[in-house]
Amino acid sequence: MKKLKKLMRRRKERQVNVLRTSDKLPIRRFLAVSGLAVLLAVTGCAAQAPNRTQTTKNSPGQGTASVQPAPGKPAGSSGTSGGTAAAGQTAPAVVGLGIGDLAPDFSVPMSDGNTLKLSSLRGKPVLLNFWATWCPPCRMEMPDIQKIFKENYPVQIVGVNLKEEPMTVEGFLSRNGYTYPVGFDLKGKIASLYNVSGIPTSYAIDAKGIIRHVQTGPLTYAELSQWFRELTQSAK
């Protein structure tokens, strides 16, 4: 009888232990699954973190919706470092195409029969505008350029026509009543020098020959007015 009682006691103890163990299993499984989920979440955040990028806008007017490709494939042009200025001195401007660079010099035959050299205009702000008669966005902005030209700002407008015959250009200007100065870039060398890949492209150059604004795409009258006011102020 004693042996039978011992056997019965052992069986009950085993059943209790089994029940306790089975109660712990769901908890262990839950903890294991939860730990795995946390690990995956942390790993996912770490993997995604390098993909966060900040989008910045370029210079005004760099959209291409209203831009015509310039004739040919112009080569790029960029400025090179001109050395470090001594303490208390201002570094000389570097020739280039960025804001703050010295605008590259050139000579261009003009519609009045003279040849214009850009550096000869030093001391006077300049609006340099690349265009063509066949370019719709160019034709769209030209009335505003003519309008501001008539307002007699102390800013020299230089329209540079790309690779068209002078007679074609002069006829177009005459028919439309445009009287601001226009030059002829017959071989596209000036457009290549200024890395013009789409037209219209405009450069606002201050009285010291420094580039202050660049825009590819048509300028509005409001934009032109702002540029001209800034250029006029900087010349004082």
Side-chain angles (χ1 to χ4, degrees), residues 53-64 67 69-110 114-131 141 145 153-163 180-219 223-236:
T53 57
Q54 183 177 1
T55 303
T56 57
K57 290 184 179 181
N58 294 326
S59 301
Q62 289 188 340
T64 56
V67 178
K73 296 180 179 179
S77 173
S78 60
T80 56
S81 176
T84 305
Q89 294 182 353
T90 303
V94 176
V95 177
L97 299 175
I99 305 300
D101 288 343
L102 185 65
D105 198 13
F106 62 86
S107 295
V108 60
M110 302 295 291
N114 295 317
T115 296
L116 174 69
K117 189 174 179 66
L118 181 64
S119 57
S120 70
L121 298 174
R122 201 63 51 83
K124 190 173 186 178
V126 175
L127 173 69
L128 183 62
N129 174 258
F130 293 91
W131 69 285
E141 74 174 356
I145 296 177
Y153 276 93
V155 178
Q156 177 69 52
I157 297 175
V158 180
V160 179
N161 178 268
L162 269 63
K163 296 184 177 182
Y180 60 85
V182 169
F184 308 108
D185 187 11
L186 297 174
K187 295 183 179 180
K189 290 183 177 180
I190 303 171
S192 179
L193 179 65
Y194 276 78
N195 199 24
V196 176
S197 58
I199 52 175
T201 291
S202 300
Y203 285 81
I205 304 169
D206 71 14
K208 295 180 181 179
I210 305 300
I211 296 171
R212 296 303 177 193
H213 293 281
V214 182
Q215 176 157 313
T216 298
L219 285 162
E223 289 169 330
L224 285 165
S225 296
Q226 180 185 344
W227 283 20
F228 276 45
R229 285 194 298 269
E230 290 178 8
L231 291 172
T232 300
Q233 187 65 31
S234 68
K236 293 181 179 180

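Quick caveat: nothing in here was measured; it's all calculated off a predicted structure.
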Derivation of the side-chain contact (heavy atoms from CB on, under 4.5 Å) call for Val158 and Leu121: CA-CA 11 Å; Val158 180; Leu121 298 174; 4.2 Å; yes
ring-ring contact (aromatic ring centres under 6.0 Å, His included) involving Phe228 - partner list, sequence neighbours excluded: Tyr153
Residues that Pro181 engages under side chain to side chain contact (heavy atoms under 4.5 Å, CB included), provided they are two or more places apart: Met110, Phe149, Gln156
Rounded distance [0.5 Å steps], OG1 in Thr201 versus CG in Leu128: 9.5 Å
Check: Phe130 main-chain N/O paired with Tyr194 side-chain donor or acceptor under 3.5 Å: no
Any residue meeting side chain to side chain donor-acceptor pair (under 3.5 Å) with Ser119, in chain and number order, not counting sequence neighbours: Asp105
Heavy-atom closest pair, residues Val67 and Thr216: CG1-CG2, 3.6 Å
For Lys189, salt bridge (Lys or Arg N to Asp or Glu O under 4.0 Å) partners two or more places apart: none
With Asn129 via side chain to side chain donor-acceptor pair (under 3.5 Å) - residues at least two apart: Glu141, Ser202
Shortest non-hydrogen separation from Ile210 to Ala93 and the atoms involved: CD1-CB, 3.5 Å
Which atom of Leu127 lies closest to which atom of Leu224, heavy atoms considered: CD2-CD2, 3.8 Å
Trace of the side-chain contact (heavy atoms from CB on, under 4.5 Å) decision for Trp131 with Leu162: CA-CA 6 Å; Trp131 69 285; Leu162 269 63; over 6 Å; no
Smallest separation among heavy atoms of Ile205 and Ala103, with atom names: CD1-CB, 3.7 Å
Heavy-atom closest contact (Ser107 atom, Ile190 atom, distance): O-CD1, 3.9 Å
Heavy-atom pair with the smallest gap, counting every atom of Ala235 and Ala207: CB-CB, 4.1 Å
Contacts of Gln226 that satisfy side chain to side chain donor-acceptor pair (under 3.5 Å) - sequence neighbours left out: Glu230
Close side-chain approach of Pro125 and Thr232, heavy atoms under 4.5 Å: no
Atom pair NZ/CZ of Lys117 and Phe106 - distance to nearest 0.5 Å: 9.5 Å
